[in-house]
*Asks:* 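Mind looking over this structure? Questions follow.
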Amino acid sequence: MEVKRRAVRTLVSKLSSVSERTRIDALCELRLMSKQEPETRPMIAESGAIPYLAETLYSSSHPSQENAAATLLNLSITEKEPIMSTRGVLDAIAHVISNHNSSSSPAAVQSSAAAIHSLLSSVDDYRPVVGSKREIVYALVDILRCHVSSPPRTIKDALKALFAIALHPLNRATMVNFGAVPALFSLVVKDGRVGIVEDATAVIAQVAGCEESVEAFRKGSGFGVLADLLDLATGSSLRTKENAVSALLNLVRCGGDRVAGEVRDVVAFGALDGIADVEDHGSGKGKIKATELLKVMLGDDRGSNGNESMLSRGSSYDFPDSE
């Protein structure tokens, strides 16, 4: 183990070399080591690599930027606290994501978005911190807005990051203000790939859990899109239907009787069968939410008055793979 520790220290010392080739070679080795040898991740963090990796995210060299971002992603799986406590890391990640359509390497953008999700996947306290970095939230939404030019894997990692951010209720209004609702529904309507639609509706279900979302859903015809997803004729996956049920229920909870009336109107044309399908065949949480929504739709006042999204107890995503 001491041999590995010395090797790590040597590699980290090369990150400050005046030679770009030397720096890139060291980054490549650290990336590979942090992927294939998980036991070296604490050593890499303890050796002072994180500030160098963050600084490298500003590099105009795509190979340097890509390897630094991938190494940070690998470290984020186990070394969350050292990353979050290092000054400037989130700003550097924000820089990469914000330039997703211009100077940033596409691979670095994808790794940076995945790192955000990884950092937030199991530590609740980090979610308000990242949510307060408005540049990160805006940039992630912008990746969805530019979905035609964004690689599919980057879109999926941006969705996972936004889902993790939205698990903190106070972050949802920020997402709404940055245009997350129309961006998400545009992705659902225009993309059509099952995995992306499932991930997008998972975020929609979370964002629906704030008062600010109601008007945004109205403007974007969100009520109708969710109802269409529940119509059995559209062939939506069960997970998508569960997410649509959760989103409608959250809208009703946040919007009260007026929104409940609007939801009743849109689900009357085919969506009730989809809700019933979730009640019969969904996950444990999905069945509970579907039963509650049906009670609201059918005028049964025995439904729960809780305020928790079906997905708000934790992310449905696994940690990202090492790069």
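Small disclaimer: the values here were computed from a predicted structure and weren't measured.
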*Asks:* Kindly state each residue pair satisfying ring-ring contact (aromatic ring centres under 6.0 Å, His included) with at least one member in residues 2-29, sequence neighbours excluded.
*Replies:*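 Listed once each, the pairs would be none.
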*Asks:* What closest approach, in Å, do A164 and R127 show between heavy atoms, and which atom pair accounts for it?
*Replies:*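 The answer is O-CD, 3.3 Å.
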*Asks:* Check the surroundings of atom CG in D280: do more than 12 heavy atoms from other residues, nucleotides or ligands lie under 6.0 Å from it?
*Replies:*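 Yes - once you tally the heavy atoms of other residues, nucleotides and ligands closer than 6.0 Å, there are more than 12.
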*Asks:* For T71 and S34, work out which heavy atoms get closest and say how close.
*Replies:*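 Here T71 and S34 meet closest at CG2-OG, 4.0 Å.
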*Asks:* Distance-only, no hydrogens or angles: does the S221 side chain make a donor-acceptor pair with backbone N or O of G224 under 3.5 Å?
*Replies:*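 Answer holds: no.
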*Asks:* Do E46 and R5 meet the salt-bridge criterion of a basic N to acidic O distance under 4.0 Å?
*Replies:*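 Yes.
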*Asks:* For the atom pair CZ (R6) and OG (S47), what is the distance rounded to the nearest 0.5 Å?
*Replies:*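 Spacing of CZ (R6) from OG (S47) equals 12.5 Å.
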*Asks:* Enter the distance from K190:NZ to I196:CD1 here, rounded to the nearest 0.5 Å.
*Replies:*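 The NZ atom of K190 sits 14.5 Å away from the CD1 atom of I196.
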*Asks:* Minimum heavy-atom separation for N74 and R31, please, with both atom names.
*Replies:*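 Looking at all heavy atoms of both residues, the closest pair is ND2-O, 3.3 Å.
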*Asks:* Might you confirm whether atom CD of E212 has over 12 heavy atoms from other residues, nucleotides or ligands at distances under 6.0 Å?
*Replies:*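 Enclosed.
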*Asks:* Find out if a path of hydrophobic residues (ILVMFWY) with successive side-chain heavy-atom gaps under 4.5 Å connects V141 to V148.
*Replies:*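 They do not share one cluster, since no chain of ILVMFWY contacts under 4.5 Å joins V141 to V148.
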*Asks:* Are V296 and I288 connected into the same hydrophobic cluster when the rule is that any two of I, L, V, M, F, W, Y join if their side-chain heavy atoms are below 4.5 Å apart?
*Replies:*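 Result: no, two separate clusters.
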*Asks:* Is Y52 atom OH crowded by more than 12 heavy atoms from other residues, nucleotides or ligands, each under 6.0 Å away?
*Replies:*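 No - once you tally the heavy atoms of other residues, nucleotides and ligands closer than 6.0 Å, there are 12 at most.
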*Asks:* Using modelled atom types only, decide if a donor and an acceptor are shared between the side chain of Q65 and the backbone of S105 within a distance under 3.5 Å.
*Replies:*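 Yes, the answer is positive, given that a donor and an acceptor are paired below the 3.5 Å cut-off.
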*Asks:* Between S150 (side chain) and I155 (backbone), is there a donor-acceptor pair under 3.5 Å?
*Replies:*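 The answer is no, because no donor-acceptor pair under 3.5 Å joins these two groups.
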*Asks:* For a quick check under 3.5 Å, do T240 and S237 share a side-chain donor-acceptor pair by atom type?
*Replies:*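 Present: a donor and an acceptor within the cut-off.
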*Asks:* Taking E29 first and then K4, would you say they form a salt bridge - that is, a charged N and a carboxylate O separated by under 4.0 Å?
*Replies:*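 No, E29 and K4 are not salt-bridged.
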*Asks:* Got more than 12 heavy atoms from elsewhere within 6.0 Å of CD, E211?
*Replies:*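 Check fails, neighbour count at 12 or below.
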*Asks:* Is there a path from L30 to I24 through hydrophobic residues (I, L, V, M, F, W, Y) whose side chains come within less than 4.5 Å of each other?
*Replies:*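 No: no chain of side-chain contacts under 4.5 Å links L30 to I24.
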*Asks:* Supply the atom-to-atom distance I77 CD1 to L119 CG, rounded to the nearest 0.5 angstrom.
*Replies:*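 If we round to the nearest 0.5 Å, I77:CD1 and L119:CG are 10.5 Å apart.
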*Asks:* Please answer whether the main-chain N or O of P182 pairs with a side-chain N or O of S186 as donor and acceptor at a distance below 3.5 Å.
*Replies:*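 Between the backbone of P182 and the side chain of S186 there is no qualifying donor-acceptor contact (under 3.5 Å).
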*Asks:* Does the R253 side chain pair with the main chain of G209, one donor and one acceptor, at a distance under 3.5 Å?
*Replies:*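 Absent.
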*Asks:* Are a donor atom and an acceptor atom from the side chains of H100 and D142 found within less than 3.5 Å of each other?
*Replies:*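 D142 and H100 do have a side-chain donor-acceptor pair below 3.5 Å.
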*Asks:* So does R218 pair up with E262, basic N to acidic O under 4.0 Å?
*Replies:*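 Here R218 pairs with E262 in a salt bridge, since their nearest N and O are under 4.0 Å apart.
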*Asks:* Within the side chain of S246, is there an N or O that forms a donor-acceptor pair under 3.5 Å with the backbone of N243?
*Replies:*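 No, because the side chain of S246 does not come within donor-acceptor range (under 3.5 Å) of the backbone of N243.
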*Asks:* For the pair H95 and Y58, name the ring-plane relationship: parallel under 30°, tilted 30 to 60°, perpendicular over 60°.
*Replies:*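 Ring orientation of H95 relative to Y58: tilted.
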*Asks:* I'd like to know if the side chain of K287 reaches the main chain of S283, judged simply by a donor and an acceptor atom lying under 3.5 Å from each other, with no hydrogens or angles considered.
*Replies:*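 Absent.
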*Asks:* Sort out for me which residue in D228, D273, D231, D277 forms a salt bridge (Lys or Arg N to Asp or Glu O under 4.0 Å) with K241.
*Replies:*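 It is D277, the one option of D228, D273, D231, D277 that forms the salt bridge (Lys or Arg N to Asp or Glu O under 4.0 Å) with K241.
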*Asks:* If I compare all heavy atoms of S112 with all of A69, which pair ends up nearest, and what's the gap?
*Replies:*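 Of all heavy-atom pairs spanning S112 and A69, the closest is OG-CB, 4.0 Å.
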*Asks:* Has R41 got a side-chain atom pairing as donor or acceptor with L75's backbone, closer than 3.5 angstrom?
*Replies:*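 Here the side-chain-to-backbone pair does not exist.
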*Asks:* Are any side-chain N or O atoms of R145 and backbone N or O atoms of A183, one a donor and one an acceptor, separated by less than 3.5 Å?
*Replies:*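 Not confirmed, R145 side chain does not pair with A183 backbone.
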*Asks:* Could you go through F217 and I204, starting from their C-alpha distance and side-chain angles, then the distance that decides it, and tell me whether this counts as side-chain contact (heavy atoms from CB on, under 4.5 Å)?
*Replies:* CA-CA 10 Å; F217 275 63; I204 287 169; 3.7 Å; yes
*Asks:* Do the side chain of K160 and the main chain of S118 share a donor and acceptor less than 3.5 angstrom apart?
*Replies:*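 Side chain of K160 to backbone of S118, a donor-acceptor pair under 3.5 Å: no, none is there.
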*Asks:* How long is the gap from OG on S64 to CG on L53, to the nearest 0.5 Å?
*Replies:*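 The distance works out to 11.0 Å.
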*Asks:* So, for F223 and V214, which heavy atoms are closest and what is the spacing to 0.1 Å?
*Replies:*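 Residues F223 and V214, closest heavy atoms: CE1-O, 4.0 Å.
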